[in-house]
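Everything on this sheet refers to the single structure shown next.
Predicted model only: the values in this text are computed from it and were never measured.
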Amino acid sequence: MITAIVLIYAATDRIPETAQAIADIDGVTEVYSCAGDVDLIAMVRVSDHETLAELVPGRIGRVQGVLDTDTHIAFRSYSSRDTEAAFAIGDD
């Protein structure tokens, strides 16, 4: 499974509609509206690079209101929640 973080620059007057349209795309697991340099952040999980290469420019990039995207592929996930869960095994 490939996880990608897609930073999305969107038309300000269309952020809610743009976010929902992106969230409805297969492979997109979450969309966050946020403050800062970008307007939306989409979490994408797909099976292979070919699917990712089609999904970002071919689906996300064509949503009305999307002005530009910047995609980052995740190599590994680190989480304090995962670490705590691993050490909690057998605590019951």
Side-chain angles (χ1 to χ4, degrees):
M1 185 66 58
I2 296 168
T3 300
I5 298 97
V6 183
L7 308 177
I8 302 163
Y9 302 88
T12 307
D13 62 336
R14 292 207 40 87
I15 288 175
E17 297 86 358
T18 301
Q20 188 58 60
I22 294 168
D24 291 341
I25 296 172
D26 286 340
V28 176
T29 58
E30 298 107 4
V31 177
Y32 300 95
S33 63
C34 53
D37 294 337
V38 298
D39 302 300
L40 301 169
I41 297 176
M43 300 300 297
V44 174
R45 291 187 175 82
V46 294
S47 59
D48 54 61
H49 288 96
E50 182 78 19
T51 303
L52 182 62
E54 293 169 3
L55 186 126
V56 175
R59 302 283 314 278
I60 293 174
R62 293 184 179 177
V63 169
Q64 186 176 6
V66 172
L67 304 175
D68 199 9
T69 62
D70 184 12
T71 303
H72 300 261
I73 297 173
F75 293 126
R76 186 172 289 146
S77 172
Y78 299 91
S79 164
S80 60
R81 182 177 22 180
D82 294 340
T83 303
E84 291 168 6
F87 285 104
I89 294 174
D91 262 357
D92 298 338

Which pair of heavy atoms, one from Y9 and one from D37, lies closest together, and at what distance? CE2-O, 3.1 Å
Atom CD in E54, atom CG in D48: separation rounded to 0.5 Å? 8.0 Å
Transitive ILVMFWY cluster of V56, excluding itself - 4.5 Å side-chain cut-off: I2, V6, I8, I15, I22, I25, V28, V31, L40, V44, V46, L52, L55, I60, V63, V66, I73
Looking at CD1 of I5 and CD of E30, how far apart are the two atoms once the value is rounded to the nearest 0.5 Å? 10.5 Å
Nearest heavy-atom pair of T18 and A10: which atoms, and what distance? CG2-CB, 4.4 Å
Hey, could you give me the CG/CG distance between L7 and D39, rounded to the nearest 0.5 Å? 10.5 Å
Q64 and R14: side chain to side chain contact (heavy atoms under 4.5 Å, CB included), yes or no, with the steps? CA-CA 8 Å; Q64 186 176 6; R14 292 207 40 87; 3.6 Å; yes
